[in-house]
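Input: a single structure, listed below in structure tokens.
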Amino acid sequence: MDGLTKVDSVKKVHHQRTCFLCRHKHDAAAMLRLVVDSDGEIWPDVLHKAPGRGSYLCMETGCLARLNDRSIARLKRHFPILKANKALLLQRFNAAFSLQAERSLSRLLITAALGRDAVMHRMWHHAPLLVIVTDQSGQALQRQMVDAVEKRRNDGKKVELWLDFDADMLAKVSKREKISVVAVRYCKDVMRLQQFSTWLDQVKEAG
Ligand SMILES: [Zn+2]
């Protein structure tokens, strides 16, 4: 057994938290932290930065589906003053995740290629790319992007493709109504955008 593996596994345990609903342990970074104010209102602490005690939710689909006023009330163990209201909590999740997703997207768009021609041109560059196609784009555009991405991959250039991205969010953040495809540099903001977009979808499903 080599020392490295040991150190890694110890480090991992330190960053794990228990979901207050399913009681399973997960990496804290992949979980949603919840805080409760003095009025008993529950708030999502998406950046894990709010002071004081927090509780964690794993955000897996099964766990979100289990969310109701009664299961939320389990937080009373740690927060005696608590207003458990599923609809309100999901509204707050939605607002917080939208804000984070929009912020990440807005940073990504600073250096992005916007629109089909610019995206096709950007495919020639070497830097790792994420191509985002909206859910309002036509099949012809989707097909074209799938082909272009496959070709780029065969050339040994790193590229990822998202189809069915929220068109309204892209229009809002890019301030362009008719945009259906963008290519962004692959960086940390991509992971954040992915996490918050996924959580937004899950919240919609749970609502
Ligand atoms: Zn859970």
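Remember, it's 1-based here, ligands and their atoms both numbered in the order they're listed. Since the model is a prediction, treat every value here as computed from it, not as a measurement. In what follows, every heavy atom counts, from backbone to side chain, and hydrogens, waters and symmetry copies are set aside.
Angle SG(Cys19) to the Zn ion (ligand 1) to SG(Cys58): 120° [nearest 10 degrees].
Closest approach of Met123 to Arg152, counting heavy atoms only: O-NH1, 2.8 Å. Taking all atoms of both residues into account, the shortest heavy-atom contact from Thr134 to Ser137 is O-OG, 3.0 Å. Smallest separation of non-hydrogen atoms from Met145 and Val131: SD-CG1, 4.2 Å.
Among the backbone and side-chain atoms of His24, none of the N, O or S atoms lies under 2.8 Å from the Zn ion (ligand 1). Taking backbone and side chain together, Cys22 holds an N, O or S atom under 2.8 Å from the Zn ion (ligand 1).
Under the 4.5 Å side-chain heavy-atom criterion for Ile, Leu, Val, Met, Phe, Trp and Tyr, Leu90 and Val36 are members of the same hydrophobic cluster.
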